[in-house]
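Encoded as structure tokens, the structure appears first; notes follow it.
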Amino acid sequence: MTPQRAVFLDRDGTMIEDVGYLDRLDRLTLFPYTIDAVRLLNDAGFRVVVVTSQNGVANGVLTEQFLGEAHAHLSRAFEAAGARVDGYYYCPHSPHATVERYRTDCECRKPKPGMILAAAAEHGLDVERSFVVGDRWRDIEMGLNAGTRAVLVETGYGKTEATRTPATMAHVPIVANLIEATSWILRHA
Ligand SMILES: [Mg+2]
Ligand SMILES: [Zn+2]
């Protein structure tokens, strides 16, 4: 089987409103273009994989069970509109976690590339032909560490991040939001 291209999407601030710790489904708000962006990527032959840091789990503010429910809820919204997310990967760890079993210096904490490498192994993805979209430099750095290309969006923390671009990230395109990032990827893939 030929390895598939993928777009790895940060969740909070990239696909949905960043509300701090998302701990109730009624606080989950997709940006108006997110479903269209995912469908466009599906139609262009990209696998779409969510890669998200969930410090709230490490700190006992939300459970992995709730996280699963939130992602099932997102998947139903995509499915109802003919779009598809192929996988969800999250890092529930922190070296400073208040919940002991999540207190570890893991390989999946952004900007380490663990989530991307795990998804690539499980889904047969061609990392070199793949992209990361996120609103934080650590999202972008995770992608570059894994060997993808990457695009920063100005939603979420992105506007602030864009004012302090690290020298090593100067080549990374910065666009308004996920639909613009999708358009950039489709032009540069
Ligand atoms: Mg984010
Ligand atoms: Zn982790």
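Residues: numbered from 1 along the sequence shown. On a predicted model such as this, the values are computed, not experimentally measured, just so you know. The basis for the numbers below is simple: all heavy atoms, side chains too, and nothing from hydrogens, waters or symmetry mates. Indexing begins at 1, ligand by ligand and atom by atom, following the structure's order.
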ask   = Only one of V7, T155, L9 clears side-chain contact (heavy atoms from CB on, under 4.5 Å) with L178; which?
value = L9

query = Can you find a pair of side-chain heavy atoms, one from L117 and one from E107, that are under 4.5 Å apart?
reply = no

task = Answer yes or no for D135: is there an N/O/S atom below the 2.8 Å cut-off from the Mg ion (ligand 1)?
result = yes

task = Starting from the Mg ion (ligand 1), look over the N/O/S atoms of D10 and name the nearest one.
result = OD2

query = Can you name the N/O/S atom of D12 that is nearest the Mg ion (ligand 1)?
reply = O

key: Between CE on residue M142 and CD1 on residue I116, distance to nearest 0.5 Å   = 4.0 Å

task = Using only N, O or S atoms, tell me which atom of H93 is closest to the Zn ion (ligand 2).
result = ND1

inquiry  = Are more than 12 heavy atoms, taken from residues, nucleotides or ligands other than Y102, located less than 6.0 Å from that residue's OH atom?
reply    = yes

